[in-house]
Each structure stands twice: as structure tokens, then as C-alpha cells.
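We name chains A, B, ... by the order of the sequence lines, and we start the count at 1 in each one. Computed over heavy atoms, backbone and side chain alike; hydrogens, waters and symmetry mates excluded.
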4 protein chains.
Amino acid sequence: MSDAPVDFKEQMAEARRTQILLGAAQVFAQKGYHKATTKQIARAAGVSEGTIYNYFSTKRDLLFAMVDQIAFDSLRPIVAGDTAADPRDLLNALVRDRFSLGEKYGSLMAPLLAEIFNDVELRQALYDQLLRPITDHLESYVAARAASGEFRQIDPVVVVRGLMGALMLNFALKFSGVDSRYDDISLDSLREQIVALFLDGLQVK
Amino acid sequence: MSDAPVDFKEQMAEARRTQILLGAAQVFAQKGYHKATTKQIARAAGVSEGTIYNYFSTKRDLLFAMVDQIAFDSLRPIVAGDTAADPRDLLNALVRDRFSLGEKYGSLMAPLLAEIFNDVELRQALYDQLLRPITDHLESYVAARAASGEFRQIDPVVVVRGLMGALMLNFALKFSGVDSRYDDISLDSLREQIVALFLDGLQVK
Amino acid sequence: MSDAPVDFKEQMAEARRTQILLGAAQVFAQKGYHKATTKQIARAAGVSEGTIYNYFSTKRDLLFAMVDQIAFDSLRPIVAGDTAADPRDLLNALVRDRFSLGEKYGSLMAPLLAEIFNDVELRQALYDQLLRPITDHLESYVAARAASGEFRQIDPVVVVRGLMGALMLNFALKFSGVDSRYDDISLDSLREQIVALFLDGLQVK
Amino acid sequence: MSDAPVDFKEQMAEARRTQILLGAAQVFAQKGYHKATTKQIARAAGVSEGTIYNYFSTKRDLLFAMVDQIAFDSLRPIVAGDTAADPRDLLNALVRDRFSLGEKYGSLMAPLLAEIFNDVELRQALYDQLLRPITDHLESYVAARAASGEFRQIDPVVVVRGLMGALMLNFALKFSGVDSRYDDISLDSLREQIVALFLDGLQVK
DNA sequence: CATGAATGAGAATTCATTCAT
DNA sequence: CATGAATGAATTCTCATTCAT
């Protein structure tokens with residue numbers, strides 16, 4: 001009976017944090033980090049400016065909190081993945097699983113990505129907490145297949161980041177709308193084509 | 001008699017523009033776009049703040065001018081490329097050729113890329129003027145090879161942007177220093193591995 | 001039956017007031033009035049910020065309450081003082097007695113004195129409640145001795161405040177540490193020298 | 001002819017500095033340092049807020065600049081002072097000479113004095129640049145007279161600061177208006193009484 | 001055209017005070 | 001009464017841009 005109020009307070013505080021974070025994400029996504037003012041964030045989050053600073057000590061802190069938030073959500077176990085399954089299906093499943101986070105947090109990702117270039121710490125945090133967890137798993141898989149002779153002997157680090165880069169640039173171009181040719185290509189189709197490309201290569205044997 | 005001085009004046013003006021742009025590039029590269037002040041740019045360029053505004057109407061204009069500048073430099077004909085040559089050699093040559101621009105303007109790219117997320121026009125300009133010229137050429141090549149049956153039937157748009165993304169993310173990670181495992185991989189090695197990956201795929205046939 | 005609890009409540013309330021005042025004194029002494037935040041005061045006093053406002057209507061009120069508190073403490077009868085005693089001993093005793101308050105509340109005096117310049121009411125309160133009680137007594141003594149022909153005919157108001165000023169500046173300089181020459185002079189020595197100076201003057205007769 | 005504009009600019013800049021400093025002094029004197037806003041200072045100085053920061057890097061800097069300003073003005077040689085003259089006349093002359101600065105810069109002094117308690121650096125600056133220059137001279141005089149046997153053997157440091165303290169507290173009380181008995185005492189009279197007190201002491205020999 | 005002093009519209013952040021629980 | 005989360009006005013300082021010289 002004595003925990004209850006504490007618990008309740010903690011829940012309220014957690015809810016407020018989330019509420020503010022969502023407001024910030026919204027404004028950041030719309031205006032970018034720098035043009036987003038704390039006043040706008042407060043309005044979007046439905047709190048006063050002062051309240052933001054009861055939960056985050058700095059505007060920049062909001063960015064880092066977003067990384068934490070997404071990373072926390074990413075902790076759920078990666079889709080099991082029967083390593084005996086067809087590599088094409090497995091890779092597709094893995095990629096779809098991990099990029100689903102990207103879809104869920106898409107509006108959070110854009111402002112984060114933008115600030116990657118301006119902030120070393122944020123860059124490292126994003127890499128360590130978001131990209132690494134994804135790539136580590138894929139690397140193991142690639143390394144294992146290479147060991148068993150199914151995959152070529154290429155540095156798994158480079159391969160996996162190549163796959164990520166290929167996916168990310170294509171996805172980014174699709175979403176940015178800078179190239180109309182992407183309008184008719186679905187995300188699923190993009191993913192499948194890229195996975196196929198990485199497995200089979202361009203050249204016909 | 002009236003042309004000469006005008007011409008001279010124009011040359012002077014052009015030189016000033018370049019001078020200012022170089023100063024801006026220097027400061028942008030060091031501090032990023034937002035933290036770069038016009039005062040710092042003026043100092044770096046060796047002119048007064050006011051002078052900047054005689055050549056550029058806005059701080060943001062400097063970014064666009066940089067894109068133009070790089071694009072102008074990129075216009076030199078792409079390395080000829082004997083289409084009969086081995087695809088591996090050709091792709092390597094093409095990629096090396098185009099990414100050499102990246103080396104020249106590398107320090108400029110970071111602040112430019114960061115601002116992509118904040119400005120739709122800049123995004124489009126960068127895509128149209130910098131990425132498209134590179135990819136169009138590669139696309140033609142991939143399409144031609146696909147038509148001749150040497151390459152698989154995969155959308156060249158996706159393939160080429162996949163290659164670009166794979167290269168860019170790997171290069172970016174190498175330069176950002178967030179993953180020490182890149183310390184021992186040379187740029188050339190990275191490029192060759194990725195080109196090989198795209199040509200042959202992961203799977204052993 | 002109704003008195004007792006009321007009395008008890010009043011005592012509780014008084015205790016709380018003191019508790020808060022002590023917390024405030026601590027923080028004021030450490031950070032000065034302006035840099036002290038109500039949050040810090042609350043923490044130092046072991047109460048919540050809100051509770052402060054149940055006992056004091058304003059942060060500035062804490063200052064006035066301190067003056068009252070010190071003044072209340074000062075009300076204890078001034079050391080009797082055998083007026084027949086040697087003036088040197090008597091003055092020394094009086095000064096030591098009154099300045100002992102300064103030692104007790106020394107750390108509170110600095111922030112209080114600082115705010116003298118910012119608030120007319122506080123200035124008046126400090127003068128009326130703290131300085132006047134001390135000086136009035138000394139003035140009577142000086143006036144009596146002047147009447148009896150032992151002391152010169154100088155305005156006791158000026159004399160006594162001169163003595164106070166001489167003591168205060170010397171004490172302040174000793175404590176502030178701005179002049180290392182004070183390091184080797186004890187408080188007692190300072191007091192004795194100044195009392196002697198006031199009694200005998202500089203000139204050798 | 002080429003210096004002229006530079007000189008002119010420098011003069012303009014110096015004038016602006018003074019203009020801002022005067023505005024600041026005015027507002028500080030009226031509201032105290034903390035309650036004075038940069039907006040008010042700008043208005044009082046007849047410039048924009050931004051301009052203040054072209055001449056002073058910080059609001060606090062204005063305080064230190066005031067010390068410098070007064071100190072610079074104080075550098076004029078102390079009134080010659082015929083050491084053979086009657087000590088009473090000489091001390092009166094010296095004190096009047098130095099305290100005339102206080103009158104001239106009275107409105108500048110009050111806010112400075114207030115902040116003495118809050119800022120260690122300011123305290124030291126005020127002591128070193130304003131009080132020391134005055135007291136050093138008086139100390140030499142007192143020490144010389146003591147050496148010649150005319151003055152008693154009392155620490156000149158304590159004596160001179162005692163004199164300063166006696167004068168300052170009396171002056172301060174006169175100006176603050178907290179004690180109506182000061183209304184009928186002129187500054188000159190105050191000074192003379194205090195000088196006499198220090199020379200002759202209270203006791204009739 | 002070059003200059004750089006002046007501008008003033010913001011922006012992030014703080015903190016005394018309130019008030020629902 | 002106690003609490004402490006919420007408030008939002010107020011503040012210092014920055015910096016892109018202008019414009020008189």
C-alpha cells in the first residue's frame with residue numbers, strides 16, 4: 001500500500017517523459033533539431049517550457065533520450081531465425097524485423113540522423129546503441145555461413161554495413177521524394193531486391 | 001573598351017566569391033553549418049562580414065553555392081571506361097573516379113549532408129547535381145549489361161543506389177572513427193570488396 | 001484542552017520556521033542571496049519547496065526574518081559594564097560582547113549586508129534592529145563621559161559609528177582575505193588597537 | 001591623414017564604451033546589479049542590447065569596467081601635501097581629495113559595493129585598484145610620522161583602514177537616510193570630526 | 001564595392017511561486 | 001500542513017543581416 005503512490009508517481013513521471021519526447025520528435029521531424037524551439041516542443045508536448053527542463057536538462061538531451069528510447073525498444077530479441085532456413089528468407093526476415101523499428105520510429109530517426117554530423121557523442125551513441133546491435137547479429141550469421149563454405153570469404157563487417165548502407169540509402173531516397181522513380185517501388189520490393197543482390201551478385205554465373 | 005574592364009570586374013567578383021566560399025567551407029568543415037558564424041567565415045575568408053552579403057544573399061546561400069561549385073567540378077567527363085573491359089575493373093575505376101571528388105571535397109560533405117535533413121531544396125539540389133550525375137552513368141552501364149544478359153534483371157536504380165549506399169556507409173564509418181575495426185581497412189580495400197560483393201554476391205555458386 | 005494542542009502546534013510551527021531559516025542561512029552564506037535557489041534552501045532545511053511558502057511568503061522574507069532572528073538574539077542584556085572601570089577595558093568588553101554576535105552570525109552577515117544596497121526596507125530594518133541597539137548603548141556611555149569631562153566634545157553619533165566603521169572595515173578585510181597583511185593580526189589585537197586608537201588618538205601629547 | 005579615421009574610430013568606440021557604462025551605472029544605481037536588466041541598460045545608454053555586447057562581453061564585465069574607469073581617474077596625483085604642514089590640515093586635505101572621487105562616482109560606487117559581497121574577483125579588484133591606492137599613500141604618511149615620534153606606534157595598516165571605515169560608515173549612513181540625525185551634519189563636518197578623533201582620541205589628556 | 005558597428009528578434013534556460021493531491 | 005510537479009515570465013546573450021560611411 002505504501003509503494004502504490006510511489007509507483008504511481010514514477011509512472012506519471014515516465015509518462016511525462018514520453019509525452020515530452022513525442023512532442024520533441026514531432027517538432028524535430030518537422031523543423032529539424034536546430035529550428036525547433038523549446039517553446040514549440042512544449043506546445044507540441046502539451047506542457048510548459050519549464051516542465052521540459054524538469055525531465056531533460058538540455059535541449060540536446062532530448063536527442064540522446066530518443067536514442068535510448070529506441071535502443072530500449074530494440075532490445076526485444078531478434079526474430080529467432082532458423083539458421084537452417086534458406087538464406088534469402090532468413091536475411092529478409094532479419095532485415096524486415098530490424099527495419100520495422102525504423103518504420104515505427106521513423107519520425108524520430110530523421111532528426112537524429114541529421115545531428116549525427118554535428119555531434120560526435122551522438123554519433124557514437126547511435127552507432128553503439130542502434131546500429132551495432134543490428135549488425136552484430138547479422139555479422140555472426142554471415143561469418144558462420146562463410147565458415148561453413150556457403151558464403152564467400154569477405155569481411156563480415158564490410159558486408160553487413162554494405163547491406164545496411166544499400167538499404168538505408170534506398171529507403172532514404174524513397175522517403176525523401178527526390179526521385180520520382182521510387183514512387184512505384186514498394187519497401188518490400190526494395191528489400192527483396194537488395195537482399196537478392198547481396199546473395200547472388202550482379203553477374204550471371 | 002567597355003568589355004575589358006567589365007570582364008576584369010567579373011573576374012574579380014568571381015575570385016571574391018571563391019575566396020568567400022573557401023572561407024565558408026573551412027569554417028563549415030570545422031564547426032558545422034549552424035555553429036559557424038558569419039563573423040568566423042568573414043575572418044577565414046579575409047573579408048568583412050558585409051562583403052559576404054555582397055556576393056551571397058544569405059548564410060544558407062553559401063551551402064547552395066558549395067553544391068554548385070562541387071557539381072561544376074564534377075562535370076569533367078567521367079573516366080572513359082572501355083565497356084568491353086572486365087566489369088570488375090570498370091566498376092572499380094568508375095567508383096574510384098567519382099569518389100575522388102569525395103576526397104577532394106570530403107570536409108565539405110559532412111556539413112552539407114547534415115543540412116540535407118533540414119532543407120528540402122538543398123536535398124534536391126544535392127541529389128540532382130551531385131548524386132544523379134554519378135548514378136546516371138552507372139545506371140546506363142548496369143542497364144546495358146543487363147540487356148546483354150551479363151547482369152541479372154534487377155532495377156538499375158536500386159542496384160546503383162545500393163552500391164552507393166554500401167560504399168558511403170562504409171566510408172563514413174571508416175572516417176567517423178566510431179568503429180575501430182575500420183582502422184586496418186584501407187579505402188581501396190573497402191572499395192574492392194564492395195565492388196566484388198556486388199558483382200559476385202555472397203553465395204558461392 | 002484546546003490550548004495544549006494549539007500550543008503544541010505553535011511550537012511545531014516555530015520549530016519549522018527556525019528549521020527553514022537555518023537552511024536558508026546555510027545556503028545564503030554559501031552562495032549569497034541571489035544565487036541561492038529555493039530548491040537548495042528546501043533541501044538544506046529538509047523540507048519541500050512548498051513548505052517554505054507556508055512559513056514565509058517570499059524568498060526575500062527569509063532575509064527579513066533573519067534580521068529579526070539575530071535581533072531577537074541580540075536582545076540579551078549588554079554586559080553590565082562598571083562605568084567606573086577603565087574606559088579601555090570597558091570599551092573592549094562592550095565591543096567584544098557585541099561583536100561576538102558577529103562571530104555567531106558572521107556567515108549570515110555577508111549576504112545580508114550585500115542586500116542592504118538593494119532594499120531600502122532591509123537597510124532600515126538592519127539599522128534599526130541590529131546596529132542601533134549596539135550603538136545606542138555606546139552612545140550613552142560616550143555622552144556620559146563627555147558630560148563628565150573625561151571625553152572630548154565630539155558628537156557621540158559620529159564617534160560611535162566611526163568606531164563601528166573602523167572595526168567593521170578592518171574585520172571585513174581580515175575575513176575577506178584580500179590583503180595578506182591581515183593574516184598575522186588576530187581579531188583581539190585588531191579590536192584592542194582600534195579601541196586604543198579611539199581613546200588616545202594618533203598624536204603623542 | 002591616414003591615422004585620422006583610425007583615431008576617429010577609436011574615439012567613437014571609446015565614447016560608446018563610456019556611453020554604455022554611464023547607462024549601466026545609472027540603472028545599477030537605481031535598481032542594483034541583479035535587478036538591472038540588459039534591456040534597461042541598453043535603453044538608458046541609448047543603444048541596442050546587442051551593442052552592449054560589442055563592447056562588454058558580459059553583464060558582469062560592466063562592473064569590472066566601472067572599477068577600471070574609476071581607478072583610471074584616480075590615477076591623477078594625490079594632492080601634493082606638504083608633509084611639514086599641520087597633520088590635521090594635511091589629513092583633511094588628503095581625505096577630501098580622495099573622497100571627492102567618491103562624490104563624483106557616487107552613483108557608480110553603490111552598485112559596486114553591493115556586489116563586493118557576491119564576487120570574490122570584484123572584491124579583490126576594488127580593493128587593489130581603488131582602496132589600496134588611497135590607503136598606501138596614507139599609510140606612508142602615518143608610518144613616517146610614527147617613525148619621527150609624532151604618531152604613536154600603531155600598525156598603519158589598521159589605522160588607515162580604521163580611518164577609512166569610520167569615514168565610510170558615517171558617509172554611508174548619511175546618504176542612506178536611515179538615521180535622521182545625520183540630516184543636520186554636513187559632509188565636511190563629518191570629515192573634520194573624524195579626522196580630529198583619529199588625531200586626538202577621545203580622552204582628554 | 002568594402003567595411004564593421006549597430007541592430008533586435010529570438011533562443012535556451014532558470015527559478016520563485018502556486019496549487020492539486 | 002506537506003509535497004514537489006508545473007508553470008511561464010523574465011533574462012542574458014547570440015548572430016544573421018543591414019546600412020551609413
Side-chain angles (χ1 to χ4, degrees), chain A residues 5 8-9 12-13 15-17 20 34-43 45-62, chain B residues 9 12-13 16 20 33-43 45-62, chain C residues 9 12-13 16 20 34-43 45-62, chain D residues 5 8-9 12-13 15-16 20 34-43 45-62:
Chain A
F8 177 71
K9 271 196 178 178
M12 284 297 294
R16 267 281 196 281
R17 262 186 70 91
I20 292 169
H34 283 282
K35 287 192 189 161
T37 70
T38 51
K39 191 183 287 274
Q40 290 165 338
I41 294 169
R43 180 181 303 273
V47 299
S48 71
E49 274 189 271
T51 297
I52 296 175
Y53 288 88
N54 285 338
Y55 294 87
F56 303 92
S57 58
T58 263
K59 185 185 168 193
R60 183 147 288 255
D61 249 33
L62 291 166
Chain B
K9 272 191 179 178
M12 285 295 294
R16 264 281 201 282
I20 293 169
Y33 174 75
H34 276 100
K35 287 187 188 163
T37 70
T38 51
K39 191 183 285 271
Q40 291 166 337
I41 294 171
R43 180 183 301 273
V47 299
S48 72
E49 278 189 270
T51 299
I52 295 174
Y53 287 87
N54 284 335
Y55 295 88
F56 303 92
S57 59
T58 245
K59 185 186 168 192
R60 185 148 283 260
D61 255 29
L62 291 166
Chain C
K9 272 190 179 178
M12 284 296 294
R16 264 282 200 280
I20 293 169
H34 276 100
K35 287 187 187 163
T37 69
T38 50
K39 189 183 288 273
Q40 291 167 337
I41 293 171
R43 180 182 301 274
V47 300
S48 72
E49 278 189 88
T51 298
I52 295 175
Y53 286 86
N54 284 333
Y55 294 87
F56 303 92
S57 59
T58 246
K59 185 185 167 192
R60 185 149 285 260
D61 254 29
L62 291 166
Chain D
F8 177 70
K9 271 193 177 180
M12 284 296 294
R16 266 282 197 282
I20 293 168
H34 282 281
K35 286 190 189 163
T37 69
T38 51
K39 191 182 286 275
Q40 290 166 338
I41 294 170
R43 181 180 302 272
V47 299
S48 72
E49 274 190 271
T51 297
I52 295 175
Y53 289 88
N54 285 338
Y55 293 86
F56 303 92
S57 57
T58 263
K59 186 186 167 192
R60 184 147 286 254
D61 249 35
L62 291 166

Taking atom [atom2] of [N] as reference, at what distance in whole Å does atom [atom1] of [X] sit?
X       : N      : atom1 : atom2 : value
B:Lys39 : F:dT18 : NZ    : P     : 16 Å
B:Glu49 : E:dA6  : CD    : C1'   : 11 Å
B:Gln40 : F:dA16 : CD    : P     : 9 Å
B:Tyr53 : F:dC15 : OH    : C1'   : 9 Å
A:Lys59 : F:dT14 : NZ    : C1'   : 14 Å
B:Arg16 : E:dC1  : CZ    : P     : 10 Å
D:Ile41 : F:dC13 : CD1   : C1'   : 13 Å
A:Asn54 : E:dC15 : CG    : C1'   : 10 Å

The side chain of C:Ser48 is closest to which nucleotide in this list: F:dA2, F:dA6, E:dT3?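 Nucleotide nearest to C:Ser48's side chain: F:dA2.
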
Between F:dT7, E:dT7, F:dT3, which nucleotide gets closest to the side-chain atoms of A:Val47?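 Selected nucleotide (nearest to the side chain): F:dT7.
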
Most 5' of C:Thr58 and B:Ala13 on DNA chain E, judged by nearest nucleotide: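 Nearer the 5' end of the strand: B:Ala13.
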
Pairwise 5' ranking along DNA chain F for B:Thr51 and B:Lys35, keeping only the more 5' one: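 The residue closer to the strand's 5' end, by nearest nucleotide, is B:Lys35.
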
Report the residue (A:Ile52 or B:Arg60) whose heavy-atom-nearest nucleotide on DNA chain F is the more 5′ of the two.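 This one resolves to A:Ile52.
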
Please report the interatomic distance CZ(C:Arg43) to OG(C:Ser48), rounded to the nearest 0.5 Å.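 Answer for the CZ-OG pair, C:Arg43 versus C:Ser48, is 12.0 Å.
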
Value rounded to 0.5 Å, distance of OG1 in D:Thr38 from CD in D:Glu49: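 If we round to the nearest 0.5 Å, D:Thr38:OG1 and D:Glu49:CD are 4.0 Å apart.
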
Would you indicate what C:Thr37 reaches in the nucleic acid, counting non-hydrogen atoms under 4.0 angstrom: base, sugar-phosphate, or nothing?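 The answer is sugar-phosphate, as C:Thr37 gets under 4.0 Å only of primed atoms, P, OP1 or OP2.
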
